[in-house]
Number of protein chains: 2
Amino acid sequence: MDERPRYDAKLARILQVAAGVFAEKGYHRASIRDIAAATEVSLSGLYYYFESKEALLFLIQRHCFGTILERAQAELDGVDDAEERLRIVVRTHLRFFLNNMREMKVLSHEAEVLTGRYQDEVSALKRKYAAIVSDILRDLRGERDGPDLRIATFTLFGMMNWIYTWYKPGKDPGAEALASEVLHIFLNGFRSGAATEADEAEAEHGDGAPSIWRG
Amino acid sequence: MDERPRYDAKLARILQVAAGVFAEKGYHRASIRDIAAATEVSLSGLYYYFESKEALLFLIQRHCFGTILERAQAELDGVDDAEERLRIVVRTHLRFFLNNMREMKVLSHEAEVLTGRYQDEVSALKRKYAAIVSDILRDLRGERDGPDLRIATFTLFGMMNWIYTWYKPGKDPGAEALASEVLHIFLNGFRSGAATEADEAEAEHGDGAPSIWRG
DNA sequence: TTGGCGATCGAACGATCGTACGAACCCACA
DNA sequence: TGTGGGTTCGTACGATCGTTCGATCGCCAA
């Protein structure tokens, strides 16, 4: 019941095409007329599928974020080891990122545009996703000293979400290789405790940089 | 000669206030009328100081990027050790970032807006700055295997430039502490050789992604 | 065939945008 | 005191924006 295959399919196509337009020109610079031209739907015809430009952006972001959360949770299901869980999250994130770069660019770049309940709902998804990563990092760190969880989490997201600003398909490596590079840097960096840090600094450079976190 | 202290000072103030308006509302959503209100200069009066809205954004970005480059080069002067050079760059970058967050947000968030010669000139500054970091990383890596330089460079910039999306002054630590966290994760991760990584990768995906760093 | 409803459209409205133009202002210097 | 050029402003123009509204289309049930 309540199924409208025709409606749903066309809405999905509109969201996809509109995401491309927003990704290319930016949300504010792109006009509904641009989206009408790209989707081959008339200007007023579009408003049968969403009630405002902001609602259109909201639908794109919610669908995109919902899919990411779904996939991450599905891939994480049954896996207990913290390190393996982190590898899964990064790989899943980057796979989805590169396969849906236009949507992800809209998600990353137009994060502050939504207002009111639109913003509330997307922010809730965002917090949920960040909490998954943060919990993994807490588990991974264990009782040892280590980087602040909030900073480490956002730093990892920065490494991944910044990609849309420089990634060139064809030129740059695919999701798996990219995930390996990111995981190598982040994982080895995050796991190395303050003690290790001191040892390495001593052995290689004798630089005398003290422990960052102790006490 | 060619000095107009009154003109220069007022232009500088306009750039600063306009950067705040752009940071808050976004370049396209902010109107020249918003900037006129914020600067307390009349709408048409602003056009005595810049010839178009795009030129205004260009002046902001060039001034901001020019200052960063200047400071980085000054701080790096005379320092040879690669690791110390990286520490200096990250510290300088984050110090400037937190002290000029509005300008840096405009620089990061409105990177694709400029066109033509405006874009060319800012892109040149950006490449110059990225090359400094990339050269340091190459030096730091030496002859060993290690992450791809292009990816590592952009990954580091991602860690730093993503900050404007989550940083809360007062709540989050200052530039020095932030730089320590970022440097700890990135430096230890970047320096750790491929051997460690290979051990880890072995345990999981027979997926056919052998050595991460081809060749 | 016909009635009705989901789906689509053309045309227009008011608002806001970036920018241009000419007059008026202010102040150092003749 | 007058004058000229650097500086500031009020006003308006044309373009484009998001959104609305009533008419019309296509298709399936009666």
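Letters go in sequence order (proteins before strands), and every chain restarts at 1. All values below were derived from every heavy atom in this structure, side-chain atoms included, with hydrogens, water molecules and symmetry-related copies excluded.
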Would you kindly compare A:Glu51 and A:Arg29 by the position of their nearest DNA chain D nucleotide and give the one closer to the 5′ end?
-> A:Arg29
Please work out whether the ring planes of B:Phe97 and B:His93 are parallel, tilted or perpendicular, with thresholds of 30° and 60°.
-> tilted
Take the protein atom CZ of B:Arg33 and the nucleotide atom P of D:dC9, then report the distance between them rounded to whole Å.
-> 15 Å
Think A:Tyr47 has a side-chain N or O under 4.0 angstrom from the OP1 or OP2 of C:dA7?
-> no
Is the shortest side-chain N/O distance from B:Ser44 to OP1 or OP2 of D:dC9 below 4.0 Å?
-> no
Under 4.0 angstrom, heavy atoms only, what part of the nucleic acid is A:Ala30 near: base, sugar-phosphate, or nothing?
-> sugar-phosphate
Here the distance between atom P of D:dC17 and atom CG of A:Asp34, to the nearest Å, is 6 Å
Looking only at side-chain N and O atoms, does B:Lys10 come under 4.0 Å of OP1 or OP2 in D:dT8?
-> yes
Within the structure shown, what part of the strands sits under 4.0 Å from B:Tyr49 by heavy-atom distance: base, sugar-phosphate, or nothing?
-> sugar-phosphate
Is A:Glu112 atom CD crowded by more than 12 heavy atoms from other residues, nucleotides or ligands, each under 6.0 Å away?
-> no
The nucleotide from C:dC17, C:dT8, C:dA12 with an atom nearest the side chain of B:Ser31 is C:dC17
Nearest-Å distance for atom pair CD1/C1', residues B:Ile14 and D:dT7 = 11 Å
Distance under 6.0 Å and angle within 45° of the ring axis: does A:Lys105 meet both against A:Phe22?
-> no
Take the protein atom CG of A:Leu57 and the nucleotide atom C1' of D:dG18, then report the distance between them rounded to whole Å.
-> 15 Å
Looking only at side-chain N and O atoms, does A:Arg6 come under 4.0 Å of OP1 or OP2 in C:dT8?
-> yes
OP1 or OP2 of D:dT8 less than 4.0 angstrom from a side-chain nitrogen or oxygen of B:Tyr48, does that happen here?
-> no
Test item: B:Leu56 and B:Ile35 side chains (from C-beta on) under 4.5 Å apart, heavy atoms = yes
Measure the distance from CG on B:Asp8 to C1' on D:dG6 and round it to the nearest whole Å.
-> 13 Å
Side chain of A:Lys53 (C-beta onward), nearest among C:dC17, D:dT19, C:dA7 | D:dT19
Check against side-chain hydrogen bond (donor to acceptor under 3.5 Å, both in side chains), B:Asp34 and B:Ser31 = CA-CA 5 Å; B:Asp34 291 330; B:Ser31 69; 3.2 Å; yes
NE2 of A:His28 versus C1' of D:dG18: gap in Å, rounded?
-> 12 Å
The nucleotide from D:dG18, D:dA12, C:dA7 with an atom nearest the side chain of A:Ile32 is D:dG18
Regarding the side chain of A:Val41, the nearest nucleotide among C:dC9, D:dT8, D:dG18 is C:dC9
Spacing between A:Leu43 atom CG and C:dA7 atom P, to the nearest angstrom = 19 Å
Let me know the distance between CG of B:Leu46 and C1' of D:dT7, rounded to the nearest Å.
-> 13 Å
